[in-house]
Amino acid sequence: MQNELVSEIYETLLGKIGHLHWWPADTPFEVVVGTILTQQTKWTNVEKAIEALKMSDLMEPEKLADADVEQIEELVRCCGFYRQKARRLQDIAGFFATEGMDNIFSLPTDELRKIMLSLKGVGNETADSIVLYAADKPKFVIDAYTTRIMKCIGIEGNYMQLQSLFEAGLPSDVPLYKEYHALIVEYAKNYCGKKQCEDCTLVHRFREKEVNNG
DNA sequence: CGCCAGGGCATCA
DNA sequence: TGATGCCATGGC
């Protein structure tokens with residue numbers, strides 16, 4: 001039942017928006033940096049900060065870990081919460097510099113997720129974004145947009161419940177997970193206001209289906 | 001000027 | 001488990 005719904009939403013979004021090439025980055029570590037910086041911030045700000053870090057030759061775990069935190073603060077200031085983010089970035093960089101990113105990313109998916117969650121500044125969404133977009137392992141990312149859209153359609157749940165719902169309704173496929181999450185974000189950004197859903201044709205479509213079915 | 005952005009954490013009930 | 005306040009800059 002709900003498994004079909006998950007697939008149908010994907011097909012609808014894909015037809016409406018088309019394929020996206022999301023989260024372009026030169027290295028997996030750059031993706032990790034992006035997951036922290038993008039928290040509660042627009043991606044255009046993150047691009048500036050990433051570029052600034054690269055210009056300062058800090059886009060490597062060892063170099064970022066050894067940098068002055070004040071310098072990192074200035075480079076990521078445009079992303080907001082810059083004092084927290086600078087310290088958290090440095091902590092994570094230190095972790096990867098010590099453990100070796102290849103070693104960490106070759107761990108089993110669930111183990112990797114747990115380790116990422118143990119880092120300060122890494123919650124459910126950021127951990128899953130790292131697992132999926134940096135380590136290329138199948139974990140479906142749930143964000144505020146996903147929660148909002150599903151609630152509009154009539155399905156509520158906490159993070160893990162929604163993640164289980166999506167993963168149960170889809171083949172365990174990394175490119176699919178990546179694109180689906182990207183489609184949800186792109187759709188919601190343009191069509192779903194925080195309060196009103198009047199322009200949300202996706203919601204209308206599935207509400208009609210629901211009415212017709214029962 | 002007010003609102004919100006691809007969250008997470010400490011604190012409290 | 002769930003709700004609340006806080007972190008903070010930038011764009012519209």
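Keep in mind that the numbers below use all heavy atoms, side chains included, and drop hydrogens, waters and symmetry copies. Per chain, numbering begins at 1; letters A, B, ... match sequence-line order.
Pairing of C/dC12, defined by two Watson-Crick or G-U wobble distances under 3.5 Å, is identified with B/dG2.
Transitive grouping of hydrophobic side chains (ILVMFWY, heavy atoms separated by less than 4.5 Å) keeps A/Leu117 and A/Tyr159 in distinct clusters.
A tilted orientation is assigned to the rings of A/Tyr180 and A/Tyr10, their planes being inclined by 30° to 60°.
Within the nucleic acid shown, A/Glu125 comes within 4.0 Å of sugar-phosphate atoms alone, with no base atom in reach, counting heavy atoms only. Base engagement by A/Gly80 is indicated by at least one non-hydrogen atom pair under 4.0 Å involving a base atom.
In this structure, A/Arg88 and A/Tyr133 both approach DNA chain B, and ranking their closest nucleotides by distance from the 5' end singles out A/Tyr133. In terms of position along DNA chain C, the nucleotide closest to A/Asn158 lies nearer the 5' end than the nucleotide closest to the other residue of the pair A/Asn158 and A/Arg77.
The phosphate of C/dA8 has neither OP1 nor OP2 within less than 4.0 Å of any side-chain N or O from A/Lys42. For C/dT9, neither phosphate oxygen OP1 nor OP2 lies less than 4.0 angstrom from any side-chain nitrogen or oxygen of A/Thr41. The phosphate of B/dG7 has neither OP1 nor OP2 within less than 4.0 Å of any side-chain N or O from A/Gln39. Proximity of A/Arg83 to the phosphate of C/dA8: a side-chain N or O atom is located under 4.0 Å from OP1 or OP2.
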Could you go through the side chain to side chain contact (heavy atoms under 4.5 Å, CB included) check for A/Glu125 and A/Thr35 one step at a time?
-> CA-CA 9 Å; A/Glu125 184 186 338; A/Thr35 63; over 6 Å; no
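For A/Asp68 (side chain) and A/Glu70 (main-chain N/O), no donor-acceptor pair under 3.5 Å exists by modelled atom type.
Here the nucleotide nearest the side chain of A/Ala144, chosen from B/dG7, C/dG10, C/dT9, is B/dG7.
One atom, CG of A/Asp128, and another, C1' of B/dG7, lie 13 Å apart when rounded to the nearest Å. In this entry the distance linking CD1 of A/Ile92 with C1' of B/dG7 reads 12 Å, nearest Å. Between A/Leu119 atom CG and B/dG7 atom P there is a gap of 19 Å when expressed in whole angstrom units. Atom CG in A/Asn45 sits about 13 Å away from atom C1' in C/dC12, given to the nearest Å.
For the pair A/Lys54 and A/Glu30, the salt-bridge criterion is met [side-chain N within less than 4.0 Å of a carboxylate O].
Between the side-chain ring of A/Phe81 and the base of B/dG7, a stacking contact exists by the 5.5 Å and 30° definition.
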